[in-house]
Colleague: 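Questions regarding the structure given below will be posed in turn.
Side-chain atoms are counted along with the backbone in the values below, which use heavy atoms only and exclude waters and symmetry mates. Each chain gets a letter, A, B and so on, in the order the sequences are listed, and its residues count up from 1.
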Protein chains: 2
Amino acid sequence: MSIRDYEQAMKSVADPTRMRILKLLEGGEMCVCQLIAVIELKQSTISRHLLLLKRAGLVKERKDGKWVHYSLDGSNSSRYARKMLQNLKGWLNDDRIVKKDRIREKIARDAGPREICERGMTLPMRRTATCCPAPRKEAVGTR
Amino acid sequence: MSIRDYEQAMKSVADPTRMRILKLLEGGEMCVCQLIAVIELKQSTISRHLLLLKRAGLVKERKDGKWVHYSLDGSNSSRYARKMLQNLKGWLNDDRIVKKDRIREKIARDAGPREICERGMTLPMRRTATCCPAPRKEAVGTR
DNA sequence: TTCTCATATAGCCAATTGTCAATATGAGAG
DNA sequence: CTCTCATATTGACAATTGGCTATATGAGAA
């Protein structure tokens, strides 16, 4: 409980990507693969952020077979982490990015870890450019 | 009031040097020269930190002749800044560095901006290694 | 055992950050 | 006006950080 812990907690929550992870976990624990699918950053990047959040006492992990689920840490090893989690719950709920993440979060939760992983860490979306590249037969050259 | 403001406020308070400045200002407004004398970093460095704190809505300035006094910003342009100032007041009061700063803070406040500036941004201290370098005659080579 | 797959870790690169030295600004003194 | 001095700003540098690719780990399946 020194400056070191303070700095670790504050720098952890200050990063926008880690803040997004924390806001997602406010809705309950999530599998790493689900976080990857929602945030759309590389697996190693998400993994690294989760490590930092864990070190700061902000999240905890639960291993379940080959999956690892993360959730907000209620045990609160750090008073700074505890307070910041509390603050965050009332913050940024109207933010554009956070709201967009919440929509994707719902899709990821509905699908579950298994389907997300099977799809290669992507969400099952309807009408997405990357997912359904419009297999029209003769759409090109109809002009 | 977006992620941008959030990030600015959080990153501002996360830095240990800026945290020290905020903890000093909890005791009331201070002149830039006093902050320099207490923290012992170069004038340009302190000035830059103050700029970042001001941008984040954490501190405000008051110009008084050739001196500039900074204080915690009660007007609170940023909700994040407001909350973090409140949090900080209950945090780190037992920290070694913060306590040491408080001792130097008292000396700086007692002396006032004028004397601090006249001394070249240093504190009037008795028995300090840097101030009184022990003028022993033949301490070297006694072995 | 070996293979697969979800996650973690290592190594690299570009961008950001904290510090200092040098210089600019700007207000009061003369 | 000029000079001085407190502070702000700029430019350079090293250290840190966030992202990626590639590789390692480790558990379940075969």
Colleague: Could you pull out all residues at least two apart from B/E118 that satisfy salt bridge (charged side-chain N to carboxylate O under 4.0 Å, His left out)?
Modeller: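 Listed in chain order: nothing, the list is empty.
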Colleague: Taking side chain to side chain contact (heavy atoms under 4.5 Å, CB included) as the test, write out the residues that go with A/T17, two or more places apart.
Modeller: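 A/T17 satisfies side chain to side chain contact (heavy atoms under 4.5 Å, CB included) with A/D15, A/I39, A/L41, A/H49 once adjacent residues are dropped.
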Colleague: In whole Å, I'd like the distance from the CD atom of B/E118 to the P atom of D/dA6.
Modeller: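 My rounded result for the distance is 8 Å.
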Colleague: Holding to side-chain hydrogen bond (donor to acceptor under 3.5 Å, both in side chains), I want the full list of residues that pass it with A/N93, two or more places apart in sequence or in another chain.
Modeller: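 A/N93: side-chain hydrogen bond (donor to acceptor under 3.5 Å, both in side chains) contacts with A/K23, A/R102.
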Colleague: Say whether, by atom type as modelled, one donor and one acceptor occur between the side chain of A/D110 and the main chain of A/I107 under 3.5 angstrom.
Modeller: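 No; zero donor-acceptor contacts below 3.5 Å.
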Colleague: In residues 54-65 of chain A, which ones come under 4.0 Å of DNA chain D, going by heavy atoms?
Modeller: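 The stretch gives A/G65 as the residues lying under 4.0 Å from the strand, ordered by number.
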Colleague: For the pair made of CG in B/L50 and C1' in D/dA6, what is the distance, rounded to whole Å?
Modeller: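 About 13 Å, once rounded to whole Å.
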Colleague: How many Å lie between CZ on A/R114 and P on D/dG28, as a whole number?
Modeller: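 It works out to 13 Å between those atoms.
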Colleague: Find the distance B/R20:CZ to C/dT19:C1' and express it as a whole number of Å.
Modeller: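 Rounded to whole Å, this separation is 14 Å.
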Colleague: Closest nucleotide of DNA chain C for A/L51 versus for A/C117: which of these residues is on the 5' side?
Modeller: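 Going by which nucleotide is closer to the 5' end, it is A/C117.
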Colleague: For B/L53 and D/dT7, what is the distance between atoms CG and P respectively, to the nearest whole Å?
Modeller: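 It works out to 16 Å between those atoms.
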Colleague: Looking at residues at least two apart in the chain, or sitting in another chain, which of them share a salt bridge (charged side-chain N to carboxylate O under 4.0 Å, His left out) with A/D73?
Modeller: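 Expected list: none.
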Colleague: For A/E40, check side chain to side chain contact (heavy atoms under 4.5 Å, CB included) against everything at least two apart and list the hits.
Modeller: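 Checked A/E40 against side chain to side chain contact (heavy atoms under 4.5 Å, CB included); matches are A/R104.
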Colleague: Not counting sequence neighbours, which residues clear side-chain hydrogen bond (donor to acceptor under 3.5 Å, both in side chains) with A/N87? List them please.
Modeller: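 Once residues adjacent in sequence are excluded, A/N87 has no partner under the side-chain hydrogen bond (donor to acceptor under 3.5 Å, both in side chains) criterion.
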Colleague: Going by salt bridge (charged side-chain N to carboxylate O under 4.0 Å, His left out), name the residues that satisfy it together with B/K54, two or more places apart in sequence or in a different chain.
Modeller: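 Residues passing salt bridge (charged side-chain N to carboxylate O under 4.0 Å, His left out) with B/K54: B/E61.
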Colleague: Does B/Q34 use its side chain to pair, donor to acceptor, with the backbone of B/C31 at less than 3.5 Å?
Modeller: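 Present.
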Colleague: At a heavy-atom distance below 4.0 Å, what parts of residues 98-111 of chain B sit against DNA chain C?
Modeller: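 The answer is none.
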Colleague: Round to the nearest Å and state the distance from B/I39 atom CD1 to C/dG18 atom P.
Modeller: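 Interatomic distance, CD1 of B/I39 to P of C/dG18: 14 Å.
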Colleague: Listed by chain and number, what are the salt bridge (charged side-chain N to carboxylate O under 4.0 Å, His left out) partners of A/R109, not counting sequence neighbours?
Modeller: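 Applying salt bridge (charged side-chain N to carboxylate O under 4.0 Å, His left out) to A/R109 gives A/E105.
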Colleague: Going 5' to 3' along nucleotides 13-26 of chain D, which nucleotides have protein heavy atoms under 4.0 Å from the base (write B), which only from the sugar-phosphate (write S), and which from neither (write -)?
Modeller: ----SSSBBB----
Colleague: Are OP1 or OP2 of D/dA8 and a side-chain N or O of B/Y70 less than 4.0 angstrom apart?
Modeller: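 Yes.
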Colleague: Tell me the interatomic distance from A/I36, atom CD1, to C/dA6, atom P, rounded to whole angstroms.
Modeller: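 It is 10 Å, rounded to the nearest whole Å.
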Colleague: Please list all pairs passing the salt bridge (Lys or Arg N to Asp or Glu O under 4.0 Å) test where one or both residues lie in residues 78-99 of chain B, with sequence neighbours left out.
Modeller: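 Qualifying pairs: none.
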Colleague: Using whole Å, report how far CD1 of B/I46 lies from C1' of D/dT7.
Modeller: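 Result: 12 Å.
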